[in-house]
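Just so we're clear, the structure is a prediction, and the values are computed from it rather than from any experiment. Start at 1 and go down the list; that is how both ligands and their atoms are numbered.
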Amino acid sequence: MKKVVIIGCGNVGMSYAYALLNQRTSLNELVLIDLDMERVKGEVMDLNHCLAFSPTHINIKEGKYSDCKDASIVMIAAGANQGPGETRMDLINKNSKIFKQIVGSVMESGFDGIFLIATNPLDVMTHLTWKYSGLPTNKIIGSGTTLDTARLRYLVGDKVNIGPKNVHAYVIGEHGDSEFVPWSNSTIGLQKIDTFLTEEEREEIYEEVKNAAYEIINRKGATYYGIGMCLVRITNAIFEDENAVMTVSTYDNENDIFIGLPSIVSKEGVERRIYLDLIKEEEHKLQNSVNVIKEALSEVEE
Ligand code: NAD
């Protein structure tokens, strides 16, 4: 049986739930948990009313932490949200306390599945999930820079009028201001991306990707559809044992942190990472991202 528990049924949690219902997945059971269980009751009713037209039949219910015991995936999107002008790192102290309680409660149930993390600051929350759960690193997956990569592919594709699925480019590093695009490894079809885009155009696209969350939050208060879709993409890669390459936040043993790097996602979680051949300048950018995450983690651990 394939079962997902969502903890945190706000914008992101419910966009994930709604995207799950709208795609053909092998999910059998969906359980919702939030501090606000009245809201959850309403969400369960609303989602159940989709079933007559959903491509998949899913048993959807409100739940308790004991429901995590036999879950395949526990997806956490609980926590304080990024307000206007607030960086993801500002959320660190609020959300680390919330995570200690949530992950502790999930583990008390006897959970032995895969954690999928969406809460910001993403790489820090993913790391804390690993620490608080005691599960092996392959079972801890952060959404990482999957959303940033999706934004990049859309923007590049739109600029050159080629479908985004044919843009083979990734955003890597911290899911935050130090993320970057290793353009030296990027292609459209088999052509190097710099044959399509000037350096100036590439820089403009990168800035737009990096600032997308701020731009959306300023206009509509939060971002959620994009991340909902990314989380379903990761969920399907796990359920279908796809060995799909995605820039999830994964354990980097050299630096003892979680960070967004191209990794292979299968039913085991993160199977392994893909080798990265970066030019010097990109290596510096990756090291900068590592340093940003390490510094943020040191704030939590103090
Ligand atoms: P939201 O405020 O709409 O929802 C958060 C939910 O968490 C609320 O329903 C709240 O009641 C619940 N919650 C808080 N503490 C809890 C606890 N202890 N136990 C159970 N539930 C609890 O926020 P949102 O817009 O859904 O964003 C959620 C998180 O996702 C934020 O940290 C946001 O920054 C992040 N986010 C990440 C990405 C990404 O790419 N990873 C993209 C968008 C948003």
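- Using modelled atom types, one finds no donor on one side chain facing an acceptor on the other under 3.5 Å when comparing His175 with Asp123.
- Relative to atom 27 (O) of ligand 1, the option among Asp148, Leu91, Val12 with the closest non-hydrogen atom is Val12.
- Among Asp34, Ile6, Ile102, Asn120, the residue whose heavy atom lies closest to atom 6 (C) of ligand 1 is Asp34.
- Phe180 and Tyr206 make their closest contact through CA-CE1, 3.7 Å (heavy atoms, listed as atom of the first residue, atom of the second, distance).
- Assignment of Gly144 to the shell around ligand 1 is not supported, since no heavy atom sits closer than 4.0 Å.
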| request: Kindly determine whether Asp256 and Lys294 satisfy salt bridge (charged side-chain N to carboxylate O under 4.0 Å, His left out), including the steps that lead there. | output: CA-CA 9 Å; Asp256 188 30; Lys294 274 188 173 170; over 6 Å; no
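- At least one N or O atom of Ala80 sits closer than 3.5 Å to an N or O atom of ligand 1.
- With ligand atoms numbered from 1 in the order given, ligand 1 contributes 42 (C), 43 (C), 44 (C) to contacts under 4.0 Å with heavy atoms of Thr223.
- Contact annotation for Ile98 and ligand 1: only side-chain heavy atoms (C-beta onward) come within less than 4.0 Å of the ligand.
- With a heavy-atom cut-off of 4.0 Å, Ser143 touches ligand 1 through its side chain alone.
- Contact annotation for Leu147 and ligand 1: only side-chain heavy atoms (C-beta onward) come within less than 4.0 Å of the ligand.
- Residues Ser178 and Asn288 bring no donor and acceptor atom of their side chains to less than 3.5 Å of each other.
- Not a single donor-acceptor pair under 3.5 Å links the side chain of Ser109 to the backbone N or O of Ser105.
- The contact set between ligand 1 and Gln101, taken as ligand atoms under 4.0 Å from a residue heavy atom, comprises 18 (N).
- The shortest N or O to N or O distance between Ala118 and ligand 1 is below 3.5 Å.
- Tyr214 does not carry Arg219 over the face of its six-membered ring by the limits of under 6.0 Å from the centre and within 45° of the normal.
- Atoms of ligand 1 lying under 4.0 Å from any heavy atom of Ala77, numbered from 1 in the order shown and given with element: 5 (C), 28 (C), 29 (C).
- You'll find the side chain of Arg233 stays beyond 4.5 Å of the side chain of Thr146, heavy atoms only.
- No side-chain donor-acceptor contact under 3.5 Å links Asn48 to the backbone of Met45.
- With 3.5 Å as the limit, one finds a donor-acceptor pair spanning the side chains of Glu271 and Ser266.
- Taking a cut-off of under 4.0 Å to the non-hydrogen atoms of Ile227, the atoms of ligand 1 that pass are 38 (C), 39 (C), 40 (O), 41 (N), 42 (C), 43 (C).
- Residue Arg39 has no nitrogen or oxygen atom sitting less than 3.5 Å from a nitrogen or oxygen atom of ligand 1, judged on distance alone.
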